[in-house]
Amino acid sequence: MTIALSMFVGFVALTLLITFWAAKKNTGASAYFAAGRSITGWQNGLAVAGDYMSAASFLGISGAICLNGYDGFMYSVGFLVAYITVLLVVAEPLRNAGKYTMADLLAYRLKPRPVRALASLSTLTVSTFYMIAQMVGAGVIIEKLIGASFHTAVIGVGILMLVYVVFGGMLATTWVQIIKAILLMIGAFMLSMLVLKHHGYSLEAFFDSVAAATYAGTEAPKNLLQPGLQYGTAVKGPWGPTDFLSLSLALVLGTAGLPHILVRFYTVPDAKTARSSVVWAMAIIGLFYILTTFFGFGAATILQKAQILSDGKANPNMVAPALAQHLGGELFFAFISAVAFATILAVVAGLTMSASASFAHDFYTNVIHHGKETQPGQEVKVARITAFCVGAVSIGIAIYLGPSVNAAFLVGLAFAVAASANLPVIVLSVFWKRFNTTGAVCGLGIGLLSSIVLILLSKNGPAFLGHPFPLENPGIVSIPLGFLAAYLGAILTARDATAEAQFAELKVRAHTGLGAEKATAH
Amino acid sequence: MEMSCPWTAFVPTPKLPLLNSDPVPNLLTFMNDPSPVNWDQIEAKPAFRSLLSRKAKFIIIATIFFLTYYLSLPVLVGWFPDLMKTPVWGKVNVAYVFALSQFIMAWVVAFIYVRKAATWDKEAAEIIKDHH
């Protein structure tokens with residue numbers, strides 16, 4: 001316990017030093033919101049990976065694979081393949097035509113106020129749900145690992161995250177994410193090597209044990225490599241395969257609409273660097289998710305069910321730390337715990353940063369004040385206040401919901417909203433001349449609404465609604481609805497001459513980088 | 001207006017190898033963008049139109065390809081589980097190999113795109129070189 005605690009403290013001290021250093025450089029909006037656009041390709045690649053591989057990834061996926069086998073591995077596949085959408089469709093136009101937020105691109109040639117108001121609402125929704133999931137995860141883990149109470153742990157994480165964001169801005173957030181990504185890769189690699197060592201460094205022996213996983217004799221042998229343990233018709237009924245397809249769809253299309261990932265592309269000097277940072281991120285993220293084979297499937301061959309029980313149920317979040325303790329002893333357990341803690345802090349900081357940037361830049365400056373700053377520095381000031389509010393609200397909700405809330409449900413909601421509301425509008429505004437304001441408002445509104453309503457009507461929703469929707473993942477319905485609403489909203493209303501005239505400018509900007517926001521000179 | 005936190009003055013700054021950022025907020029320069037760029041003229045250039053249509057074609061084909069390849073995984077797993085359970089090497093089955101191949105597929109598509117994009121960068125620079 002003391003080793004774990006000292007590693008936590010060491011990591012926190014390092015990140016606070018970075019925050020103080022970054023605070024000195026935080027002069028002006030571009031520095032605060034976009035790290036002065038001075039981050040290099042590999043740095044941003046690591047930061048994207050650090051922003052993306054959340055507690056849900058590291059702890060959640062290793063748990064999902066350990067308990068559900070192959071079906072859990074689908075998350076690993078989807079989380080990587082999703083980056084092709086980011087690379088081909090979103091990253092470069094966003095960097096070339098935008099400034100601080102996702103809405104910059106959407107509002108480029110449309111009426112800015114309605115589009116930004118809805119985009120900001122969608123950003124805040126996605127970020128808040130995602131953040132509550134991380135906060136609850138953080139509380140549970142820290143409670144288990146260092147014995148602090150759930151409340152103390154959630155408040156502690158919240159305060160630290162606020163220090164990074166309020167004082168350090170995007171620069172501090174970026175470096176916290178970079179350090180976390182490196183720590184996570186080291187942890188994942190060492191854990192995988194220990195699992196292989198356990199199986200005598202033989203892949204054949206490893207897969208043989210995975211094919212007959214018994215939790216050291218506590219369960220009947222199961223072949224975890226066979227699909228269907230979670231979503232198969234035998235387990236989930238006739239809708240199982242459709243639900244699995246729906247999940248896959250939200251995973252592959254949701255990432256390109258996640259606001260905290262999109263804003264990372266504003267921190268680099270140009271579109272070419274944005275592209276290379278996606279490639280770096282794909283290399284790191286891909287490697288990490290391939291390694292989940294070893295510490296996910298492997299955990300089921302090594303651990304006993306008793307080692308991952310909490311309150312009488314197998315807790316998927318405890319799989320990775322329990323495996324580390326079993327194979328590497330207290331020191332390695334402390335290291336993996338500190339990595340998990342770093343992971344949560346980095347993701348939560350990134351989410352707060354994107355939520356506060358969107359509120360300050362989209363809602364405060366552009367919707368309320370019609371795009372003009374009333375006094376210099378106002379936007380950054382509002383962002384800092386927003387960060388404080390978003391943090392306080394998430395801490396409050398996380399404590400109110402308590403440790404038993406289903407974190408995967410909240411993350412699923414975030415991905416579904418991102419894919420159904422944000423992505424259709426991003427794609428159509430960049431690629432379709434005829435697109436107009438009504439189309440964007442319909443796409444954002446219906447995408448947001450349909451994904452939330454369908455989740456409330458699913459089996460994860462409140463009981464009084466009666467669970468009429470047969471799928472847990474709404475993507476297969478809400479994503480087409482989002483696209484359809486955006487399309488119909490545009491063709492059923494009058495053509496917008498201004499929006500169409502400005503399409504030429506957007507095309508030239510998006511595809512050549514002419515007139516793009518420059519890195520701040522130094 | 002700079003909002004530096006009050007106690008930074010008392011804390012030694014770690015010297016990290018990073019770029020400096022400029023103290024001038026560039027919002028105003030952005031709002032009053034004085035560039036007399038004729039966007040329509042650039043957009044009408046045959047070189048630009050040709051670049052864009054080749055780029056769009058690549059993106060559409062690549063997107064159809066990767067989405068088909070990716071979505072066939074949940075479709076095959078969901079509706080043809082017996083096929084996917086066929087062993088390939090020892091206990092390793094088609095389902096796992098196909099999942100692993102998705103990683104390779106993603107990296108290969110990214111590699112091809114980056115190669116193509118490098119040539120597009122040169123063309124784009126050529127198109128806008130008189131408009132800076």
Side-chain angles (χ1 to χ4, degrees), chain A residues 17-18 20-21 23-31 36 38 70 73-74 77 80-81 83-84 87-89 99 167 204 207-208 210-211 225-228 231-232 240-241 244-245 248 252 272 275 279 282 286 290 373 376-377 380-381 384 504-505 507-508 511-515 517 520-522, chain B residues 1-5 8 11 13-14 16 18-27 30-31 33 35 37 39-40 42-43 48 51-52 55 59 62-63 66-67 70-71 73-75 77-79 81 84-85 90-93 95-96 99 102-103 106-107 109-110 113-114 117 121 124 127-128 131:
Chain A
L17 276 177
I18 291 171
F20 287 128
W21 160 79
K24 287 198 151 183
K25 305 207 165 227
N26 265 336
T27 43
S30 173
S38 60
Y70 182 87
F73 193 58
M74 191 63 204
V77 173
L80 175 72
V81 175
Y83 272 87
I84 308 180
L87 180 67
L88 297 186
V89 182
K99 198 162 145 66
F167 297 114
E204 203 174 348
F207 282 112
D208 282 347
V210 172
L225 292 168
Q226 306 287 47
Y231 284 102
F244 192 54
L245 181 62
S248 311
V252 79
K272 204 174 167 181
R275 183 194 308 147
V279 173
M282 283 180 79
I290 287 180
E373 272 195 301
V380 172
K381 203 168 164 182
R384 287 181 157 127
E505 178 178 339
K507 268 201 292 192
V508 175
H511 296 282
T512 66
L514 188 58
E517 287 281 309
T520 37
H522 53 92
Chain B
M1 192 189 73
E2 188 187 337
M3 286 238 331
S4 65
C5 80
T8 43
V11 176
T13 314
L16 288 185
L18 240 198
L19 300 168
N20 275 315
S21 46
D22 189 356
V24 182
N26 60 1
L27 184 73
F30 181 77
M31 301 305 291
D33 187 3
S35 75
V37 176
W39 302 103
D40 294 315
I42 303 174
E43 198 272 335
F48 182 76
L51 168 67
L52 217 62
K55 208 170 162 177
I59 291 175
T63 303
F66 93 79
L67 278 181
Y70 169 76
L71 290 174
L73 177 64
V75 168
V77 162
W79 285 277
M84 298 305 273
K85 288 176 184 170
K91 295 285 189 244
V92 176
N93 55 16
Y96 183 77
Q102 300 277 345
F103 289 85
W107 284 329
V109 171
Y113 174 76
V114 168
D121 282 346
I127 291 165
I128 60 169
H131 296 272

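Chain letters run A, B, ... following the sequence lines, proteins first and then strands; every chain starts at 1. Note that the structure is a prediction, hence the values are computed from the model and not measured.
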Interatomic distance, [X] atom [atom1] to [Y] atom [atom2] [nearest 0.5 angstrom]:
X: A/Leu88; Y: B/Lys55; atom1: CG; atom2: NZ; result: 10.5 Å
X: A/Leu80; Y: A/Met282; atom1: CG; atom2: CE; result: 5.0 Å
X: B/Tyr70; Y: B/Leu67; atom1: OH; atom2: CG; result: 9.5 Å

- Task: Begin with the C-alpha distance, continue with both residues' side-chain angles, and end with the deciding distance and a verdict on side chain to side chain contact (heavy atoms under 4.5 Å, CB included) for A/Ile84 and B/Tyr113.
- Result: CA-CA 9 Å; A/Ile84 308 180; B/Tyr113 174 76; over 6 Å; no
- Task: Let me know if B/Phe103 has heavy atoms under 4.5 Å from chain A in its side chain, its backbone, both or neither.
- Result: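 Both backbone and side chain.
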- Query: Heavy-atom distance under 4.5 Å to chain A: side chain of B/Tyr96, backbone, both or neither?
  - Reply: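 B/Tyr96 touches chain A through backbone and side-chain heavy atoms alike.
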For chain B, find which of [options] contributes the most heavy-atom pairs closer than 4.5 angstrom.
options: A/Gly513, A/Ser248, A/Gly240; answer: A/Ser248
options: A/Lys507, A/Glu505, A/Lys272; answer: A/Glu505
options: A/Tyr231, A/Tyr83, A/Phe207, A/Phe73; answer: A/Phe207

Are [X] and [Y] side-chain neighbours, meaning at least one heavy-atom pair lies under 4.5 Å?
X: B/Lys91; Y: A/Val210; value: no
X: B/Phe66; Y: A/Val252; value: yes
X: B/Met84; Y: B/Asn93; value: no

Heavy-atom pairs under 4.5 Å with chain A - which of [options] has more of them than the others?
options: B/Val114, B/Asp40, B/Val109, B/Val92; result: B/Val92
options: B/Ala62, B/Ala99, B/Gly90, B/Ala110; result: B/Ala99
options: B/Leu51, B/Ile127, B/Leu52; result: B/Leu52

- Using non-hydrogen atoms only, which part of A/Val508 is less than 4.5 Å away from chain B: side chain, backbone, both, or neither?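 Both backbone and side chain of A/Val508 come within 4.5 Å of chain B.
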